[in-house]
There are 2 protein chains.
Amino acid sequence: MSSEEKIQNDKRAHILDVAEYLFAQQGFEAVSIREISKAADINIAMVSYYFGSKEKLYEAVVTRKLISSELILHYIERYNCSTDKLFAIVDLLTDKFFEHRNMQTIIFREMAMEQRTAMAELIANQLHQNFTIINDVIQKGIKQKEFKKVDVELTVMTIIGIVKIYTTSSPVVCKVLKTEDKELMFSKQYKLRLKKYLKELLTNHLGIK
Amino acid sequence: MSSEEKIQNDKRAHILDVAEYLFAQQGFEAVSIREISKAADINIAMVSYYFGSKEKLYEAVVTRKLISSELILHYIERYNCSTDKLFAIVDLLTDKFFEHRNMQTIIFREMAMEQRTAMAELIANQLHQNFTIINDVIQKGIKQKEFKKVDVELTVMTIIGIVKIYTTSSPVVCKVLKTEDKELMFSKQYKLRLKKYLKELLTNHLGIK
DNA sequence: CAAATTTAATTAAACGTTTGTTTAATTTGC
DNA sequence: GCAAATTAAACAAACGTTTAATTAAATTTG
């Protein structure tokens, strides 16, 4: 990559970062191009120049950070038993959700919209792929008598649901955890607590010895 | 209540219903007063006439259906042991979330906004109250050796998280459950499945005999 | 290697729409 | 006939986008 390309990519990436933050905070419609431009310290016309339109900027923001199923598969292939695979998924998901919680806010807001846009479909498919991987791991674990028989689909949803509500409902989670501090809530300490809890929950639920 | 008041209330309620549906589908900013008016078959000016502004209409929509903590308390007071209380809460929450899932979509979208509005604060407080009730039930159950020792706050979040992701992420949940039909997803049958799953999960997790 | 030329990046201003809200006139129900 | 309900029209403000002009950078040329 030449140096000028890097500079342009930096600027593009900067706009994407700013836009992601604002979209996550307020939602797509609530954020104006003028607001993004001001926050990113660029001219209003630059968004159209780089991305074509506000809609396409949004698409770029979303697609940039989707958790690919390849990543998950690659991450768990090193483990042999289903328990280790499942726990690795818990770690990975928690890490990714904590790291990209702005993105997760956007993604699940999009999922809450009933109207099927092309992008909503894209996200749903991606999430479904990730669901399927976790589903298969649990299914295999049950088959090999490593896990008890459970409602597999809802178990998958449980994992995602907890991590999701933790990372995307911070005002109320803050209150519940009595932290009053969002920084603390997303600290290493609390991330460990969440991971530990999830593994204990799954251990109990799946009857892991 | 006089007959004309009833008619006015009906019209107000009708606007609230339509607005709730649209707000849940698209979010506050994405819905215009013109769209609401068209869908509700009223004049544009009637929203201002009845509610004052779009903002106040939104407030009216949200506050109308918040699950009051009194309702929960009243619902569980008839039960003696913590297990029965907890299972009653599972039933109540599932029912309410299924019944008012439009509302839940709006509420958690508001919670995902980082900017603290007056209404976000109101919702957070309400949710926190509900959290606290569940929290207390589990805490008491542990104290009385009815439950195993667990991370109580995260257990509460688990219950809410599962019901929430089920009711407010229907596109992806549909795919996961292989129903392809949103009606089926919110049928009695599937509601029972969810309740049963939650109780089994809690039974395993809390070591209920 | 500097000057000339072309391309890319950036800007301020203006575009036509749409937004939420208000006004002032009209209709409705009692 | 009077008050409440309803309407169409108009309001300024904000929206996403485009334009045409300008600056900066890259490339070509002599």
Using whole Å, report how far [atom1] of [X] lies from [atom2] of [N].
X       : N      : atom1 : atom2 : answer
A/Glu55 : D/dT17 : CD    : C1'   : 14 Å
A/Leu57 : D/dG16 : CG    : C1'   : 12 Å
A/Ile15 : C/dA9  : CD1   : C1'   : 11 Å
A/Asp10 : C/dT10 : CG    : P     : 12 Å
B/Phe51 : C/dT22 : CZ    : C1'   : 18 Å

Look at the side-chain N and O atoms of B/Tyr49 and state whether any lies under 4.0 Å from the OP1 or OP2 oxygen of D/dT6.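 For D/dT6, neither OP1 nor OP2 has a side-chain N or O of B/Tyr49 closer than 4.0 Å.
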Strictly below 4.0 Å: does B/Tyr50 bring a side-chain N or O up to OP1 or OP2 of D/dT6?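 Indeed, a polar side-chain atom of B/Tyr50 lies that close.
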Start with the C-alpha gap between B/Phe51 and B/Tyr58, add the side-chain angles, then the distance that decides, and say whether ring-ring contact (aromatic ring centres under 6.0 Å, His included) holds. CA-CA 9 Å; B/Phe51 299 95; B/Tyr58 190 57; over 10 Å; no
Closest listed nucleotide, where the reference is the side chain of A/Arg34 and the choices are C/dT19, C/dT10, D/dG16: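 Ranking C/dT19, C/dT10, D/dG16 by closest atom to the A/Arg34 side chain puts D/dG16 first.
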Considering only heavy atoms from C-beta outward, does the side chain of [X] approach that of [Y] to under 4.5 Å?
X        : Y        : answer
A/Gln104 : A/Ile107 : yes
A/Leu57  : A/Ile36  : yes
A/Ile67  : A/Asn130 : yes

When you measure from the centre of the six-membered ring of B/Phe28, is the NZ or CZ of B/Lys54 under 6.0 Å away and within 45° of the axis?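 Yes.
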Could you tell me if B/Glu29 and A/Gln26 have a donor-acceptor pair between their side chains, going purely by distance under 3.5 Å?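 Side chains of A/Gln26 and B/Glu29: no pair found under 3.5 Å.
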Give me the residues of residues 20-33 of chain A where at least one heavy atom lies under 4.0 Å from an atom of DNA chain C, by number, or none.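 None - not one residue of the stretch has a heavy atom sitting under 4.0 Å from the strand.
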Counting only non-hydrogen atoms, which of residues 37-47 of chain B are less than 4.0 Å from DNA chain C?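 Those residues whose heavy atoms fall under 4.0 Å from DNA chain C, taken from residues 37-47 of chain B in numerical order, are B/Ile44, B/Ala45.
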Can you name the residues that form a ring-ring contact (aromatic ring centres under 6.0 Å, His included) with A/Phe131, not counting sequence neighbours?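 With sequence neighbours excluded, A/Phe131 shows a ring-ring contact (aromatic ring centres under 6.0 Å, His included) to no residue whatsoever.
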Evaluate the ring planes of B/Phe108 and B/Phe97, with Trp represented by its six-membered ring, and classify them as parallel (under 30°), tilted (30 to 60°) or perpendicular (over 60°).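 Tilted.
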A quick test of your reading: do over 12 heavy atoms of other residues, nucleotides or ligands sit less than 6.0 Å from OH of B/Tyr75?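 Counting other residues, nucleotides and ligands, OH of B/Tyr75 exceeds 12 neighbours.
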